[in-house]
Amino acid sequence: MAGEEQDVQTQPHAAHDHESRTPAKQGGWITIPFILGNAFGLALVLSGVMGNFTVYLIKCYNFKRMDAALLTNIMYGTSSFLPLLGAILSDSFFGCFLIVAFSTVASLCCIIILTITAGIKALRPPNTYTQATSGQLAVLYTGIVLYTIGAGGTRFSMMKLGADQLSNVGDQDVFFNWSFIVLYGIKYYLISRPKRNPFMTMARVVVAGVRKRKLALPEEEAAYYRGLFEKTDQPLFSSFSCMNRATLIQQGDVATDGSISRPWSLCSVEDVNDLKTLIRIVPLWTSNVFLSISIATQTSLSVLQALTMDRSLGSHFSVPASSFSIATLLAICLTLFILDRGIYPLCHRLTSYTPTPLQRVGVGQAFNIAAMVASALIEHRRSIIVHEHQAENQPDWIVPMSAFWLVLPYVFIGIGEAFHFPGQIAFYYQEFPKSLKSTAIGIVAVLMSIGFYLSMAVLAVVRRATSWLPDNLNSSRLENVYWMLTLVASINFFYFILCAKFYKKQSDDKHVVGAVN
């Protein structure tokens, strides 16, 4: 055990030696075009799959409309959760590059299988009245599984791979912004490999703290263990002082060379501070969950709305129902360009101040509320037209109202995402311990995953408890769902402000020892 811990304690030094030996041609901005190019290609293909998948299930596999929307949310939710698993594997075992490479291959296989289902008629129901066979569904679900693996493994690990190439925090912020929009560039990449298992370290902190829970916390600095390569004046954070007991030195805890001889009885000050940092972030993390719920719900329901509205563009062309969501991507790109090249530099020149990540998240939440209000008002107008024509019992009736009205809430969501999504990633990446940078990015994926799964739960509860969401959207009260989302989003916004106000950054936390015994 002592030998194992000695290896752990010598790793920072080894990491420093590795960085000092890194060739000059590795890392830096030269790698970013490869990473963003790969990310853009995958995003274009996979978003094309998901954007049309609800309609594909309805038109080609005879799914009911709400069932198709729920299955699409399952795909979104699962592919958003898997990045956390990829981040854990990246931080603990394989590093970012191998995760990205494997997931890229899975994405390619997904596209091949789904293309085959679209091209071979035998893999789909023969007509609109026949349900898909188990074999047809097996092929379809295989493509879905590969999609979730591909999208989940590349979406955020690729951001970590890109951020590893840049040492400047400002450059990392720019990269996180534009990473919205790997294999060929391998000879240029600075591929960071995990130095230790940070999750095992956190488990050791908990076990050591429990073992020493009855000990008093002394005021002497020498009573607290600092690793071989930690600063001698490294303070313990003031919050959660009960965890400080894990760093108390007892007889037999430290070897003669200064390393830890009993890893499950003693941890360093840095190990304890890292766990405290994660705990302090939890309230802010939970405050962003509802963002994903509202976005997931609006995304799935807007496609169903578009199917019932006039989508004609001129006299000979009809816009696909799922294509209106491109307005979100365009809004994101345009907003990011204006922010990155205009507003943020201007603010810095005029006031020497740039909005913090949390402030950007707050602005994004405000735009999300505006999107829900816009969706509610548009749906209210659509339902009035349905009632005027007495078409409530005609599920396939097309409402004489332009579907381009749906662009407005899509644009609001896009502007909001340009603020809150990079803001969240930058915040977590800056605040998380160094050993958990991949997990810091993956934690945003967990937010999205929870949001999509909770969106399914919300829709299921609404369908069971009310008559707002029948399969026939023309007889629905969908605007009530949007008003409900608006109310909860507003409450969540004030909860976020409260969490942000009381959040204490790691750099502002004060040193304290001898706290509550």
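Atom NZ of K212 and atom OG of S265 lie 6.0 Å apart (nearest 0.5 Å). Summarising the geometry, atom CZ belonging to F53 is positioned 6.0 Å from atom CG belonging to L71; distances are rounded to the nearest 0.5 Å. In this structure, the separation between CD1 on I260 and CG on D271 is 6.5 Å, given to the nearest 0.5 Å. Here M372 contributes atom CE and I413 contributes atom CD1; the two are 4.5 Å apart, rounded to the nearest 0.5 Å.
The heavy-atom pair separating F496 from S287 by the smallest distance is CD1-OG, 3.3 Å. Contact between I281 and Y428 at its shortest, heavy atoms only, is CG2-CE2, 3.5 Å. Taking each heavy atom of P357 and Q430 in turn, the nearest pair found is CG-OE1, 4.2 Å. Considering every non-hydrogen atom in both S455 and T297, the closest pair reads OG-OG1, 2.9 Å.
Ring geometry for F452 against Y76 counts as parallel: the plane angle stays under 30°, on a 0 to 90° scale with 60° as the upper cut.
Checked by atom type, the side-chain pair N244/S241 shows no donor-acceptor distance below 3.5 Å. For the residue pair T78/Y453, the side-chain donor-acceptor check at 3.5 Å is satisfied. Side-chain atoms of T72 and S300 include no donor-acceptor pair closer than 3.5 Å.
Contacts of V289 classified as side-chain contact (heavy atoms from CB on, under 4.5 Å), with partners at least two apart in sequence or in another chain: I293, L447, I450, L454. L330 meets the side-chain contact (heavy atoms from CB on, under 4.5 Å) test with I326; sequence neighbours excluded.
No side-chain donor-acceptor contact under 3.5 Å links T277 to the backbone of F432. A donor-acceptor pair under 3.5 Å is formed between the side chain of R245 and the backbone N or O of L215. The closest donor-acceptor contact from the side chain of T286 to the backbone of P283 lies under 3.5 Å. Formation of a donor-acceptor pair under 3.5 Å by the T148 side chain with backbone atoms of V145 is found in this model. Between the side chain of R213 and the backbone N or O of V210 there is at least one donor-acceptor pair closer than 3.5 Å.
You'll find the side chain of L248 stays beyond 4.5 Å of the side chain of D253, heavy atoms only.
More than 12 heavy-atom neighbours from other residues, nucleotides or ligands sit within 6.0 angstrom of OH on Y495.
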